[in-house]
Trainee: 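One structure is given below, represented as C-alpha coordinates, and several questions about it will come after.
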Amino acid sequence: MSTISASSLPLLLVRDLSHRYGAIAVLQGLSLAVAPGEVICLAGPSGCGKSTLLRLIAGLEPVQAGSIEIDGRTLASPGIHLAPERREVGMVFQDLALFPHLSALENAAFGLGGLARSERTAAALRMLERVGLADRAAELPHRLSGGQQQRVALARALVTKPRLLLLDEPFSSLDVGTRRQMQREATDLLKSNGITTLLVTHDPEEAMMMADRVALMEAGRIAQLGTPAELYGNPADGYVASFFGEVNRMAGIVAGGAIATPLGPIAAPALSEGARADIRIRPEAILPAAPDARIATAARVTAARLLGGSALLEILVENGSSQGTALQMRLTSREMVEAGAVIRVSLDPRGVFVFPA
Ligand SMILES: Nc1ncnc2c1ncn2[C@@H]1O[C@H](COP(=O)(O)OP(=O)(O)OP(=O)(O)O)[C@@H](O)[C@H]1O
(Lines give C-alpha, C1' and ligand atoms only; values in the text may rest on other atoms or scores of the structure.)
Protein backbone atom coordinates (compact mmCIF):
# COMPACT_ATOMS: atom_id res chain seq x y z
CA MET A 1 0.00 0.00 0.00
CA SER A 2 1.35 3.43 -0.87
CA THR A 3 1.46 5.78 2.09
CA ILE A 4 2.18 8.95 0.10
CA SER A 5 -1.03 10.85 -0.57
CA ALA A 6 -1.34 12.45 -3.98
CA SER A 7 -3.33 15.47 -2.74
CA SER A 8 -1.96 18.97 -1.92
CA LEU A 9 1.79 19.51 -1.85
CA PRO A 10 3.10 18.05 1.39
CA LEU A 11 4.92 20.15 3.94
CA LEU A 12 6.83 17.11 5.17
CA LEU A 13 7.80 14.31 2.85
CA VAL A 14 9.52 11.21 4.18
CA ARG A 15 10.66 8.92 1.38
CA ASP A 16 11.61 5.30 1.75
CA LEU A 17 13.35 5.74 5.09
CA SER A 18 15.24 2.76 6.48
CA HIS A 19 17.25 2.75 9.69
CA ARG A 20 19.22 0.13 11.58
CA TYR A 21 20.76 -0.07 15.02
CA GLY A 22 23.36 -2.82 14.55
CA ALA A 23 21.46 -5.91 13.45
CA ILE A 24 18.02 -4.45 14.25
CA ALA A 25 16.12 -2.94 11.31
CA VAL A 26 14.07 -0.28 13.11
CA LEU A 27 12.58 1.47 10.05
CA GLN A 28 11.97 -0.45 6.85
CA GLY A 29 11.27 1.68 3.80
CA LEU A 30 8.84 4.02 5.51
CA SER A 31 7.18 6.79 3.44
CA LEU A 32 4.85 9.48 4.73
CA ALA A 33 3.51 12.78 3.38
CA VAL A 34 2.09 15.35 5.77
CA ALA A 35 -0.01 18.22 4.38
CA PRO A 36 0.43 21.79 5.67
CA GLY A 37 -1.53 22.29 8.90
CA GLU A 38 -2.22 18.61 9.29
CA VAL A 39 -1.93 16.80 12.64
CA ILE A 40 -0.73 13.23 12.15
CA CYS A 41 -0.55 10.77 15.05
CA LEU A 42 2.10 8.07 14.85
CA ALA A 43 0.78 5.17 16.85
CA GLY A 44 1.90 1.63 17.45
CA PRO A 45 3.38 -0.68 20.05
CA SER A 46 6.60 -0.07 21.93
CA GLY A 47 9.67 -0.56 19.75
CA CYS A 48 7.94 -0.18 16.35
CA GLY A 49 10.15 2.83 15.48
CA LYS A 50 8.00 5.88 16.27
CA SER A 51 10.64 7.78 18.24
CA THR A 52 13.37 6.86 15.78
CA LEU A 53 11.34 8.43 12.97
CA LEU A 54 10.93 11.62 15.02
CA ARG A 55 14.64 11.72 15.90
CA LEU A 56 15.59 11.42 12.23
CA ILE A 57 13.20 14.22 11.25
CA ALA A 58 14.53 16.41 14.08
CA GLY A 59 18.09 15.77 12.91
CA LEU A 60 19.25 14.11 16.11
CA GLU A 61 20.70 11.28 14.00
CA PRO A 62 21.94 11.04 10.42
CA VAL A 63 19.73 9.31 7.83
CA GLN A 64 21.11 5.96 6.62
CA ALA A 65 18.75 5.38 3.67
CA GLY A 66 15.90 7.39 2.15
CA SER A 67 15.25 11.11 2.51
CA ILE A 68 13.38 13.76 4.51
CA GLU A 69 12.10 16.93 2.81
CA ILE A 70 10.30 20.00 4.11
CA ASP A 71 8.60 22.13 1.43
CA GLY A 72 10.55 20.35 -1.28
CA ARG A 73 13.96 20.97 0.31
CA THR A 74 15.97 17.93 1.35
CA LEU A 75 16.99 18.19 5.01
CA ALA A 76 18.46 14.76 5.29
CA SER A 77 19.50 11.82 3.13
CA PRO A 78 22.70 9.76 3.04
CA GLY A 79 25.43 12.41 2.84
CA ILE A 80 23.09 15.34 3.62
CA HIS A 81 22.46 16.37 7.23
CA LEU A 82 21.09 19.83 7.98
CA ALA A 83 21.83 20.71 11.63
CA PRO A 84 18.78 20.35 13.94
CA GLU A 85 18.70 24.08 14.78
CA ARG A 86 18.49 24.94 11.08
CA ARG A 87 15.51 22.69 10.32
CA GLU A 88 12.81 24.98 11.79
CA VAL A 89 11.39 21.97 13.59
CA GLY A 90 10.01 22.33 17.14
CA MET A 91 10.06 19.45 19.60
CA VAL A 92 8.34 18.47 22.83
CA PHE A 93 9.43 15.15 24.25
CA GLN A 94 8.07 13.09 27.11
CA ASP A 95 10.71 14.23 29.60
CA LEU A 96 10.07 17.91 29.01
CA ALA A 97 13.61 18.95 29.87
CA LEU A 98 12.53 22.36 31.14
CA PHE A 99 15.45 24.16 32.74
CA PRO A 100 14.77 23.85 36.50
CA HIS A 101 16.57 27.08 37.44
CA LEU A 102 14.77 29.21 34.80
CA SER A 103 11.27 30.68 35.18
CA ALA A 104 8.39 29.68 32.91
CA LEU A 105 9.02 32.87 30.94
CA GLU A 106 12.77 32.28 30.62
CA ASN A 107 12.12 28.69 29.58
CA ALA A 108 9.62 29.83 26.95
CA ALA A 109 12.09 32.45 25.65
CA PHE A 110 14.97 30.00 25.46
CA GLY A 111 14.92 29.34 21.71
CA LEU A 112 14.86 33.05 20.79
CA GLY A 113 18.62 33.56 21.18
CA GLY A 114 19.04 35.93 18.24
CA LEU A 115 16.55 38.58 19.42
CA ALA A 116 16.92 41.59 21.74
CA ARG A 117 15.96 40.88 25.33
CA SER A 118 12.77 42.97 25.27
CA GLU A 119 11.59 41.28 22.08
CA ARG A 120 12.32 37.82 23.51
CA THR A 121 10.36 38.60 26.65
CA ALA A 122 7.41 40.00 24.71
CA ALA A 123 7.26 37.03 22.34
CA ALA A 124 7.59 34.47 25.16
CA LEU A 125 4.90 36.23 27.19
CA ARG A 126 2.54 36.26 24.21
CA MET A 127 3.07 32.53 23.81
CA LEU A 128 2.52 31.87 27.54
CA GLU A 129 -0.72 33.82 27.19
CA ARG A 130 -1.77 31.58 24.31
CA VAL A 131 -1.27 28.50 26.49
CA GLY A 132 -3.05 30.16 29.43
CA LEU A 133 -0.01 30.62 31.67
CA ALA A 134 0.78 34.33 31.52
CA ASP A 135 -0.04 34.72 35.21
CA ARG A 136 2.56 32.08 36.17
CA ALA A 137 5.37 33.48 34.00
CA ALA A 138 7.73 34.13 36.93
CA GLU A 139 7.31 30.65 38.45
CA LEU A 140 10.04 28.01 38.44
CA PRO A 141 9.02 24.68 36.82
CA HIS A 142 8.88 22.70 40.08
CA ARG A 143 6.19 25.08 41.38
CA LEU A 144 3.95 24.27 38.37
CA SER A 145 1.66 21.26 37.93
CA GLY A 146 2.43 18.60 35.33
CA GLY A 147 -0.12 20.09 32.93
CA GLN A 148 1.30 23.58 33.40
CA GLN A 149 4.85 22.34 32.79
CA GLN A 150 3.50 20.76 29.62
CA ARG A 151 2.13 24.10 28.52
CA VAL A 152 5.50 25.79 29.12
CA ALA A 153 7.18 23.12 27.00
CA LEU A 154 4.61 23.69 24.22
CA ALA A 155 5.14 27.45 24.46
CA ARG A 156 8.92 26.98 24.25
CA ALA A 157 8.56 24.81 21.14
CA LEU A 158 6.08 27.15 19.42
CA VAL A 159 7.67 30.49 20.20
CA THR A 160 10.25 30.06 17.43
CA LYS A 161 7.40 29.57 14.89
CA PRO A 162 8.58 26.16 13.68
CA ARG A 163 7.38 24.88 10.32
CA LEU A 164 6.82 21.48 11.85
CA LEU A 165 6.14 20.45 15.43
CA LEU A 166 7.19 17.04 16.75
CA LEU A 167 5.52 15.79 19.92
CA ASP A 168 6.75 12.51 21.46
CA GLU A 169 4.19 11.25 23.98
CA PRO A 170 3.97 14.71 25.52
CA PHE A 171 1.01 13.91 27.76
CA SER A 172 1.88 10.39 28.91
CA SER A 173 3.07 11.43 32.38
CA LEU A 174 -0.16 13.31 33.19
CA ASP A 175 -3.13 11.87 35.08
CA VAL A 176 -6.08 10.92 32.87
CA GLY A 177 -8.18 14.04 33.55
CA THR A 178 -5.32 16.48 32.91
CA ARG A 179 -4.23 14.45 29.89
CA ARG A 180 -7.66 14.69 28.23
CA GLN A 181 -7.80 18.43 28.97
CA MET A 182 -4.29 18.98 27.53
CA GLN A 183 -5.22 16.97 24.44
CA ARG A 184 -8.20 19.23 23.82
CA GLU A 185 -6.26 22.44 24.50
CA ALA A 186 -3.27 21.39 22.40
CA THR A 187 -5.55 20.38 19.50
CA ASP A 188 -7.26 23.79 19.61
CA LEU A 189 -3.87 25.54 19.70
CA LEU A 190 -2.43 23.50 16.81
CA LYS A 191 -5.56 23.78 14.67
CA SER A 192 -6.23 27.48 15.25
CA ASN A 193 -2.61 28.28 14.34
CA GLY A 194 -2.39 25.81 11.45
CA ILE A 195 0.67 24.09 12.91
CA THR A 196 1.77 20.99 11.03
CA THR A 197 2.35 18.34 13.67
CA LEU A 198 3.60 14.79 14.06
CA LEU A 199 2.56 13.37 17.41
CA VAL A 200 3.71 10.03 18.80
CA THR A 201 1.28 8.23 21.06
CA HIS A 202 0.51 4.80 22.51
CA ASP A 203 -3.00 5.84 23.38
CA PRO A 204 -5.71 5.06 20.76
CA GLU A 205 -8.07 7.58 22.34
CA GLU A 206 -5.43 10.32 22.07
CA ALA A 207 -4.88 9.41 18.41
CA MET A 208 -8.65 9.42 17.72
CA MET A 209 -9.12 12.73 19.50
CA MET A 210 -6.19 14.71 18.13
CA ALA A 211 -5.36 13.35 14.68
CA ASP A 212 -6.53 14.42 11.26
CA ARG A 213 -4.94 11.15 10.17
CA VAL A 214 -3.39 8.30 12.12
CA ALA A 215 -0.30 6.45 10.86
CA LEU A 216 -0.42 3.11 12.63
CA MET A 217 3.06 1.58 12.60
CA GLU A 218 4.08 -2.04 12.86
CA ALA A 219 7.73 -3.15 12.94
CA GLY A 220 9.22 -0.14 11.16
CA ARG A 221 6.48 0.25 8.55
CA ILE A 222 3.14 1.98 8.33
CA ALA A 223 0.42 -0.66 8.54
CA GLN A 224 -2.34 1.82 7.69
CA LEU A 225 -2.62 5.58 7.25
CA GLY A 226 -6.05 7.16 7.37
CA THR A 227 -8.53 9.24 9.30
CA PRO A 228 -9.48 7.90 12.74
CA ALA A 229 -12.87 6.92 11.29
CA GLU A 230 -11.21 5.01 8.42
CA LEU A 231 -8.94 3.05 10.76
CA TYR A 232 -11.78 2.26 13.13
CA GLY A 233 -14.43 1.48 10.54
CA ASN A 234 -12.34 0.00 7.77
CA PRO A 235 -9.14 -1.52 9.18
CA ALA A 236 -6.72 -2.95 6.63
CA ASP A 237 -6.00 -6.07 8.66
CA GLY A 238 -6.44 -7.75 12.01
CA TYR A 239 -3.53 -5.84 13.52
CA VAL A 240 -5.18 -2.50 12.76
CA ALA A 241 -8.58 -3.79 13.92
CA SER A 242 -7.04 -4.68 17.29
CA PHE A 243 -5.38 -1.29 17.83
CA PHE A 244 -8.49 0.28 19.35
CA GLY A 245 -8.82 -2.33 22.07
CA GLU A 246 -9.37 -6.02 22.52
CA VAL A 247 -11.47 -7.67 19.79
CA ASN A 248 -13.10 -11.08 19.61
CA ARG A 249 -11.38 -13.47 17.21
CA MET A 250 -12.85 -16.40 15.35
CA ALA A 251 -11.66 -18.55 12.47
CA GLY A 252 -13.75 -20.20 9.78
CA ILE A 253 -14.02 -21.33 6.18
CA VAL A 254 -16.02 -19.56 3.48
CA ALA A 255 -18.91 -21.65 2.16
CA GLY A 256 -21.64 -20.17 -0.02
CA GLY A 257 -20.17 -16.65 0.39
CA ALA A 258 -20.37 -16.71 4.19
CA ILE A 259 -18.69 -18.17 7.25
CA ALA A 260 -20.77 -20.12 9.73
CA THR A 261 -20.05 -18.92 13.29
CA PRO A 262 -21.66 -19.41 16.69
CA LEU A 263 -23.20 -15.94 16.18
CA GLY A 264 -24.75 -16.91 12.85
CA PRO A 265 -23.43 -16.59 9.27
CA ILE A 266 -21.00 -13.76 8.55
CA ALA A 267 -20.75 -12.56 4.94
CA ALA A 268 -17.33 -12.76 3.30
CA PRO A 269 -17.78 -11.16 -0.15
CA ALA A 270 -14.05 -10.45 -0.56
CA LEU A 271 -12.88 -14.03 0.04
CA SER A 272 -13.07 -16.94 -2.36
CA GLU A 273 -15.03 -20.09 -1.72
CA GLY A 274 -13.19 -22.46 0.62
CA ALA A 275 -10.78 -19.74 1.87
CA ARG A 276 -9.76 -19.70 5.52
CA ALA A 277 -10.94 -16.53 7.24
CA ASP A 278 -9.77 -14.58 10.28
CA ILE A 279 -12.79 -12.83 11.82
CA ARG A 280 -12.49 -9.90 14.24
CA ILE A 281 -15.57 -8.65 16.09
CA ARG A 282 -15.46 -5.54 18.23
CA PRO A 283 -17.03 -6.04 21.68
CA GLU A 284 -19.34 -3.09 20.95
CA ALA A 285 -20.59 -4.83 17.77
CA ILE A 286 -22.24 -7.60 19.80
CA LEU A 287 -25.57 -6.06 20.75
CA PRO A 288 -28.58 -7.06 22.80
CA ALA A 289 -30.93 -8.33 20.04
CA ALA A 290 -34.03 -6.31 19.21
CA PRO A 291 -37.23 -8.33 19.91
CA ASP A 292 -37.90 -8.69 16.17
CA ALA A 293 -34.26 -9.46 15.16
CA ARG A 294 -34.08 -11.99 12.31
CA ILE A 295 -30.83 -13.52 13.53
CA ALA A 296 -30.22 -13.65 17.26
CA THR A 297 -28.20 -15.99 19.41
CA ALA A 298 -28.79 -17.02 23.01
CA ALA A 299 -25.84 -16.20 25.28
CA ARG A 300 -25.16 -16.80 28.96
CA VAL A 301 -23.48 -13.92 30.79
CA THR A 302 -20.54 -15.38 32.73
CA ALA A 303 -19.10 -12.10 34.06
CA ALA A 304 -20.20 -8.48 34.06
CA ARG A 305 -18.11 -5.44 34.96
CA LEU A 306 -19.29 -1.88 35.14
CA LEU A 307 -16.54 0.44 33.80
CA GLY A 308 -18.22 3.81 34.23
CA GLY A 309 -20.04 4.88 31.07
CA SER A 310 -19.83 1.39 29.62
CA ALA A 311 -20.01 -2.18 30.86
CA LEU A 312 -18.00 -5.18 29.71
CA LEU A 313 -19.72 -8.58 29.64
CA GLU A 314 -18.20 -12.00 29.14
CA ILE A 315 -20.68 -14.24 27.41
CA LEU A 316 -20.79 -17.86 26.35
CA VAL A 317 -22.60 -18.97 23.19
CA GLU A 318 -23.25 -22.52 22.00
CA ASN A 319 -20.93 -23.81 19.31
CA GLY A 320 -21.79 -27.50 19.25
CA SER A 321 -19.06 -28.41 21.75
CA SER A 322 -19.51 -28.68 25.51
CA GLN A 323 -17.37 -25.60 26.27
CA GLY A 324 -19.14 -23.12 24.01
CA THR A 325 -17.45 -19.99 22.62
CA ALA A 326 -16.44 -17.25 25.07
CA LEU A 327 -16.84 -13.67 23.79
CA GLN A 328 -16.71 -10.15 25.12
CA MET A 329 -19.41 -7.59 24.52
CA ARG A 330 -19.56 -3.94 25.50
CA LEU A 331 -22.79 -2.19 26.49
CA THR A 332 -23.71 1.19 27.80
CA SER A 333 -23.91 1.08 31.58
CA ARG A 334 -27.70 1.55 31.36
CA GLU A 335 -27.97 -1.77 29.49
CA MET A 336 -25.98 -3.58 32.20
CA VAL A 337 -26.97 -7.22 32.79
CA GLU A 338 -25.96 -9.30 35.80
CA ALA A 339 -23.77 -12.40 35.58
CA GLY A 340 -25.88 -15.56 35.21
CA ALA A 341 -28.51 -13.93 32.97
CA VAL A 342 -29.34 -15.46 29.58
CA ILE A 343 -29.70 -12.84 26.86
CA ARG A 344 -30.15 -12.77 23.09
CA VAL A 345 -27.49 -11.05 21.04
CA SER A 346 -27.05 -10.01 17.43
CA LEU A 347 -24.24 -8.46 15.40
CA ASP A 348 -23.69 -4.92 14.14
CA PRO A 349 -21.91 -5.58 10.81
CA ARG A 350 -20.03 -2.25 11.09
CA GLY A 351 -17.86 -3.78 13.81
CA VAL A 352 -17.33 -7.17 12.15
CA PHE A 353 -14.24 -7.61 9.94
CA VAL A 354 -13.25 -10.57 7.83
CA PHE A 355 -9.64 -10.99 6.66
CA PRO A 356 -7.88 -13.80 4.85
CA ALA A 357 -6.27 -16.10 7.44
N1 LIG B 1 20.28 4.53 20.10
C2 LIG B 1 19.86 3.27 19.96
N3 LIG B 1 20.73 2.26 19.89
C4 LIG B 1 20.32 0.98 19.72
N5 LIG B 1 19.01 0.62 19.61
C6 LIG B 1 18.10 1.59 19.67
C7 LIG B 1 18.46 2.97 19.84
N8 LIG B 1 17.32 3.71 19.86
C9 LIG B 1 16.31 2.82 19.71
N10 LIG B 1 16.76 1.55 19.60
C11 LIG B 1 15.92 0.36 19.36
O12 LIG B 1 15.17 0.60 18.19
C13 LIG B 1 13.84 0.07 18.31
C14 LIG B 1 12.83 1.16 18.05
O15 LIG B 1 12.92 2.17 19.05
P16 LIG B 1 11.98 3.44 19.07
O17 LIG B 1 12.35 4.21 20.30
O18 LIG B 1 12.01 4.13 17.77
O19 LIG B 1 10.56 2.76 19.26
P20 LIG B 1 9.19 3.40 19.70
O21 LIG B 1 8.18 2.87 18.75
O22 LIG B 1 9.31 4.86 19.83
O23 LIG B 1 9.00 2.74 21.12
P24 LIG B 1 8.39 3.37 22.48
O25 LIG B 1 6.94 3.54 22.21
O26 LIG B 1 8.69 2.32 23.48
O27 LIG B 1 9.12 4.66 22.71
C28 LIG B 1 13.77 -0.53 19.71
O29 LIG B 1 14.00 -1.91 19.58
C30 LIG B 1 14.90 0.14 20.45
O31 LIG B 1 15.39 -0.71 21.45
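Just so we're clear, the structure is a prediction, and the values are computed from it rather than from any experiment. In listed order, ligands and their atoms are each counted from 1.
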Trainee: What residues join V240 in its hydrophobic cluster, counting side-chain heavy atom gaps under 4.5 Å, either direct or through other members?
Mentor: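 V240 shares its hydrophobic cluster with M208, V214, L216, L231, Y232, Y239, F243, F244.
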Trainee: We want to know whether S242 and R280 form a side-chain donor-acceptor pair, criterion being a heavy-atom distance below 3.5 angstrom.
Mentor: yes
Trainee: Between Q181 and R184, is any side-chain donor less than 3.5 angstrom from a side-chain acceptor?
Mentor: no
Trainee: Apart from F110 itself, what residues make up its hydrophobic cluster when side-chain heavy atoms of I, L, V, M, F, W and Y under 4.5 Å apart count as a link, directly or indirectly?
Mentor: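 F99, L102, listed by chain and number.
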Trainee: Show me, by chain and number, every protein residue that has a heavy-atom distance under 4.0 Å to ligand 1.
Mentor: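 If the criterion is a heavy atom under 4.0 Å, then ligand 1 touches Y21, V26, P45, S46, G47, C48, G49, K50, S51, T52, E169, H202.
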Trainee: Between T302 (side chain only) and E314 (backbone N and O only), is there a donor and an acceptor less than 3.5 Å apart?
Mentor: yes
Trainee: Under the side-chain contact (heavy atoms from CB on, under 4.5 Å) rule, collect the residues that match up with E246, sequence neighbours excluded.
Mentor: Q328
